[in-house]
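Read through the structure below, which is laid out as structure tokens, and then see the notes.
When reading the values below, keep in mind they use all heavy atoms of this one structure, side chains included, and skip hydrogens, waters and symmetry mates. The sequence lines fix the lettering, A, B, ..., with proteins before strands; numbering per chain opens at 1. None of these values were measured; they are calculated from a predicted model.
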There are 2 protein chains.
Amino acid sequence: MTARSSLPFDPIAEARRQWEAHGWHRAAPGMALVTSVIRVQQLFLARIDAVLRPFDLSFARFELLALLSFSRRGALPLSKAGERLQVHPASITNVVNRLEADGLVRRTPHERDRRTTLVELLPAGRDVLAGAMAALNEEVFAHPGVSLPEARAIVDLLREIRLGAGDFEEGGSRLP
Amino acid sequence: MTARSSLPFDPIAEARRQWEAHGWHRAAPGMALVTSVIRVQQLFLARIDAVLRPFDLSFARFELLALLSFSRRGALPLSKAGERLQVHPASITNVVNRLEADGLVRRTPHERDRRTTLVELLPAGRDVLAGAMAALNEEVFAHPGVSLPEARAIVDLLREIRLGAGDFEEGGSRLP
DNA sequence: TGACATTACTTGGACTTCCAAGTATTATGG
DNA sequence: CCATAATACTTGGAAGTCCAAGTAATGTCA
């Protein structure tokens with residue numbers, strides 16, 4: 001679970017020192033930022049995977065179940081799901097295959113557009129999701145490792161990065 | 001490269017709305033934090049991979065080359081490298097296999113401890129690293145998508161999360 | 001209408017990461 | 001000293017991701 005023994009020093013601070021020592025002053029802060037984000041993501045994902053393992057879910061599979069449960073009809077085109085979860089179409093196919101094999105969702109043809117396939121949340125999927133959601137909320141999301149104001153601050157700052165990267169449009173309407 | 005079309009709204013804000021609507025108030029901020037970190041990591045990693053592709057390097061391979069270049073003798077035990085890069089031993093084996101096949105590093109037996117294998121940076125590896133480092137610094141690290149004070153703020157906040165997760169010990173000595 | 005582009009999904013392959021188990025070597029304690 | 005534990009690395013397998021290419025269906029424009 002990437003839970004190696006803890007180091008006697010901050011590896012990112014050490015890396016920054018190396019960058020400065022080599023004269024890469026303009027890049028050092030960005031390097032520290034990028035490396036920090038990657039590392040914290042690893043830590044979060046390790047915790048998430050550990051919590052979801054008893055439910056036989058990966059985070060990607062959990063996200064798809066959650067997304068479907070929030071949709072009006074409990075069903076979405078694969079393309080819409082991939083767009084919302086920001087993953088490659090092939091990955092969606094893979095995730096849906098797994099969930100379908102476990103009986104948590106099923107594929108349904110689209111009524112008008114025969115290119116499109118819908119993923120539909122099944123009752124069994126809703127049950128598994130409920131348990132996984134409670135566990136994740138309690139064991140990970142409720143204890144992210146920083147105070148509430150700090151969490152808000154990080155989310156706001158990271159939002160700027162996502163916006164700058166063209167992840168979404170500022171101030172759009174609702175309606176997914 | 002996970003560079004799907006941009007959404008007309010912020011998917012994380014939308015998710016938070018769903019959490020609140022379901023009464024999961026205690027978990028909503030943490031959910032937004034965790035999801036933000038995961039998404040920004042994907043964005044950074046996509047940019048990094050694109051820049052490193054011409055050098056035939058993954059970020060993991062780049063990190064190992066950089067780590068070796070910073071070490072006094074240009075060589076480290078596999079175990080030390082894995083510890084510093086915070087990855088599974090099997091992953092280090094894999095990364096070293098790739099770099100060795102490309103002639104960028106080589107394995108060397110440890111003089112005293114015959115269990116241990118050293119990875120040694122070869123001149124070809126140093127050359128490739130120099131180019132990749134310049135490209136990464138210029139094209140990614142120098143433009144992380146936020147201002148310098150904001151970058152510092154994020155690094156400091158994320159440091160708290162890493163520290164709380166037992167990633168490293170506060171105020172240790174230098175010496176990697 | 002009919003060629004051509006676009007969209008939606010699937011498939012196969014290359015990579016990567018992790019875990020579990022196995023081999024080899026070194027350290028430890030009675 | 002020797003059985004046992006711990007450490008270092010490798011291997012094989014399961015998952016997951018992405019890309020490139022392929023099939024099928026729909027849209028577009030002359």
At less than 4.0 Å, is any side-chain N or O atom of [X] found next to OP1 or OP2 of [N]? Yes or no.
X        : N      : result
B:Arg114 : C:dT26 : yes
B:Thr93  : D:dT10 : yes
B:Arg107 : D:dC9  : no
A:Ser91  : D:dC18 : yes
A:Arg115 : D:dG27 : no
B:His110 : D:dA8  : no
A:Ser58  : D:dG16 : yes
B:Arg112 : C:dT25 : no

Rounded interatomic separation in angstrom, taking [atom1] from [X] and [atom2] from [N]:
X        : N      : atom1 : atom2 : answer
A:Leu118 : C:dC9  : CG    : C1'   : 12 Å
A:Leu78  : D:dA24 : CG    : C1'   : 15 Å
A:Arg61  : D:dG16 : CZ    : C1'   : 9 Å
A:Asn97  : D:dT17 : CG    : P     : 12 Å
B:His88  : D:dG12 : NE2   : C1'   : 13 Å
A:Glu111 : D:dT26 : CD    : C1'   : 17 Å
B:Ile48  : D:dT17 : CD1   : C1'   : 16 Å
A:Arg53  : D:dG16 : CZ    : P     : 11 Å

Within the structure shown, what part of the strands sits under 4.0 Å from [X] by heavy-atom distance: base, sugar-phosphate, or nothing?
X        : result
A:Ser79  : sugar-phosphate
B:Thr117 : sugar-phosphate
B:Asp113 : sugar-phosphate

Just wondering, more than 12 heavy atoms not from A:Arg107 lying within 6.0 Å of its CZ?
yes
CZ (A:Arg152) with more than 12 external heavy atoms under 6.0 Å:
no
Please tell me which of the listed nucleotides, C:dT10, D:dT17, D:dC9, lies nearest to the side chain of B:Thr116?
D:dC9
Does B:Arg17 come within less than 4.0 Å of B:Glu14, counting only side-chain N to carboxylate O?
yes
Closer than 4.0 angstrom, basic N to acidic O: yes or no for B:Arg84 and B:Glu63?
no
Are A:Asp10 and B:Asp167 side-chain neighbours, meaning at least one heavy-atom pair lies under 4.5 Å?
no
